[in-house]
Protein chains: 2
Amino acid sequence: MVIELQIKMNEKLFLRNPEQSELGKKIIMHSIQLIHKSGFEAFTFRKLAEDIGTTEAGVYRYFENKHRLLIYIVAWYWTWLQYQVMYQTNNINDPIVKLKMIIKLLATTVEDDLSTSYVDEGLLHQIIITEGSKTYLTKRVSEDNKDKLFKPYKDLCAHIANIIKECNPNYCYPKSLASTIIEMAHFQNFFMNNLPSLTDFGQGKDDNSIIAFLDDLVFKTIAV
Amino acid sequence: MVIELQIKMNEKLFLRNPEQSELGKKIIMHSIQLIHKSGFEAFTFRKLAEDIGTTEAGVYRYFENKHRLLIYIVAWYWTWLQYQVMYQTNNINDPIVKLKMIIKLLATTVEDDLSTSYVDEGLLHQIIITEGSKTYLTKRVSEDNKDKLFKPYKDLCAHIANIIKECNPNYCYPKSLASTIIEMAHFQNFFMNNLPSLTDFGQGKDDNSIIAFLDDLVFKTIAV
DNA sequence: CCAATAATGATAGTATTACTATCTATAACA
DNA sequence: TGTTATAGATAGTAATACTATCATTATTGG
């Protein structure tokens with residue numbers, strides 16, 4: 001049995017739905033590869049088009065500009081991760097165990113999920129670490145937020161906040177702690193690999209150290 | 001008595017030292033205003049030159065490109081803040097009180113420091129919140145790090161980590177906690193003002209809520 | 001099966017960005 | 001007074017970020 005995972009994206013993110021054509025899927029697949037390889041600043045629609053074997057105009061039919069495309073793939077990732085979280089924490093009753101599982105999912109190097117044929121989640125995870133916050137750190141953030149472009153991120157954050165609340169109903173800052181967990185899972189990873197003196201994780205470069213740091217931080221903070 | 005605070009910057013950050021000429025100081029002053037107003041992406045040397053009343057070539061004599069200029073003003077801010085931290089925590093013996101003071105300095109809206117005539121620290125603080133992490137979230141991070149461009153940030157982080165270590169010598173993650181404090185002081189501020197559902201700080205938009213969140217997080221985490 | 005429609009390819013063109021180069025004028029300094 | 005550093009003025013290039021147009025090829029619905 002082969003199940004293809006379909007993720008329905010906010011229509012404002014694209015001009016033409018990339019999931020519904022071969023060219024569209026190629027755009028997503030090659031964008032992820034190119035952004036991963038050279039970074040978002042060096043990424044252009046011209047290079048992407050060349051890589052795919054289409055023209056610049058072809059890409060512009062799908063996405064208004066490269067920033068929208070970045071928001072698209074980042075939103076895709078958060079939606080996919082939300083699904084992973086739901087799947088992996090289903091049947092777990094203890095909110096503490098749930099929260100631990102979520103921290104692990106957030107901080108662990110992602111492997112390619114074969115049920116999504118044109119997206120390499122491993123590369124995508126790396127992109128989120130380096131480029132994710134650039135989606136909202138702009139002057140357009142309020143407009144983009146009104147268009148609900150950040151909904152998947154906010155939904156995940158709200159979900160984590162609810163579990164924190166379950167762990168300790170008296171804790172005052174569940175949402176801020178949730179966004180801290182998400183951001184730090186990524187920033188500590190980036191620091192570990194690029195600016196290691198900002199972390200306590202040596203050259204081992206092990207996801208487990210980050211998980212241990214976050215577990216310690218979170219469960220001491222919300223301890224009843 | 002008027003004391004001008006002079007901050008000595010890493011020479012690799014500029015081509016010609018902007019502190020040593022009128023034009024250089026204008027470049028810094030107007031850069032801060034323009035980036036604050038329109039964001040780093042929309043900021044160009046052409047617009048800056050027009051704003052100042054000089055030419056593009058004039059700006060290029062001081063800075064290689066706009067990314068370097070951003071790193072410069074961000075590094076300037078961290079150096080200035082380090083000084084503020086030293087000044088405000090001088091004579092405090094209790095590391096817990098020290099750490100509280102640092103959290104307050106990090107999370108409080110900054111007012112213009114009149115002892116630096118051509119830098120508006122208030123605007124600069126806003127810039128750091130939105131643009132600060134863009135200095136290192138690039139493919140060039142390792143090279144830039146080798147050139148010591150992030151030294152002021154890393155020094156501040158190390159300083160905070162040492163105080164954490166003083167508070168609790170057994171705590172395992174002082175550096176990661178320090179970088180978490182710094183980043184979250186800014187991200188929670190950005191979220192509060194732009195994506196409030198990611199925080200627990202309502203429309204009051206009060207720095208004190210962020211300080212309370214961070215105090216709670218930090219002191220529960222390092223409690224002996 | 002044919003006609004209408006949608007998607008793609010091919011090509012061209014514009015304004016802006018991110019620089020580099022050169023030459024002149026001025027100020028500063030020794 | 002002559003030399004050097006700094007700034008201003010102007011020009012030019014390659015790349016970026018788009019927009020427009022027209023022909024071609026698939027797709028689909030009658």
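Throughout, a chain's letter reflects where its sequence line sits, starting with A, and its residues are numbered from 1. Values reported hereafter were calculated over all heavy atoms of this structure, with side chains retained and with hydrogens, waters and symmetry mates removed.
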Categorize A:Y62 for me: base, sugar-phosphate, or nothing, with a 4.0 angstrom heavy-atom threshold over every strand shown. sugar-phosphate
Salt bridge (charged side-chain N to carboxylate O under 4.0 Å, His left out) pairs touching residues 106-121 of chain B, sequence neighbours excluded, are none
Would a line drawn from the ring center of B:F213 to the ring center of A:Y173 be shorter than 6.0 Å? yes
Centroid-centroid under 6.0 Å between B:H159 and B:W78 rings: no
Whole angstrom value for the distance that separates P of C:dA6 from CD of A:Q20: 14 Å
Could you state the interatomic distance from CE (B:M101) to CG (B:N90), rounded to the nearest 0.5 Å? 11.0 Å
In whole angstroms, how far is the P atom of D:dA7 from the CZ atom of B:F63? 13 Å
May I ask you to verify if any side-chain N or O of B:Y60 is less than 4.0 angstrom from the OP1 or OP2 atom of C:dA21? no
Which residue lies more 5' along DNA chain C, comparing A:R16 with B:K66 via nearest heavy atoms: A:R16
Considering only heavy atoms, which members of residues 67-74 of chain B lie under 4.0 Å from some atom of DNA chain D? none
Within residues 25-57 of chain A, residues whose heavy atoms come under 4.0 Å of DNA chain D: A:T44, A:K47, A:E56, A:A57
Nearest-Å distance, CD (B:E22) to P (C:dA28)? 11 Å
So that I know where these two stand, are A:F191 and A:F201 an aromatic pair - ring centroids less than 6.0 Å apart? no
By nearest heavy atom, map B:R61 and A:R61 onto DNA chain D; which one lands nearer the 5' end? B:R61
So, are B:D144 and B:R68 salt-bridged, with charged N and O less than 4.0 Å apart? yes
Between B:K175 and A:D200, is there a side-chain N and carboxylate O pair less than 4.0 Å apart? no
Taking only Lys NZ, Arg NE, NH1 and NH2, and the carboxylate oxygens of Asp or Glu, determine whether B:K134 and B:E131 approach each other closer than 4.0 Å. yes
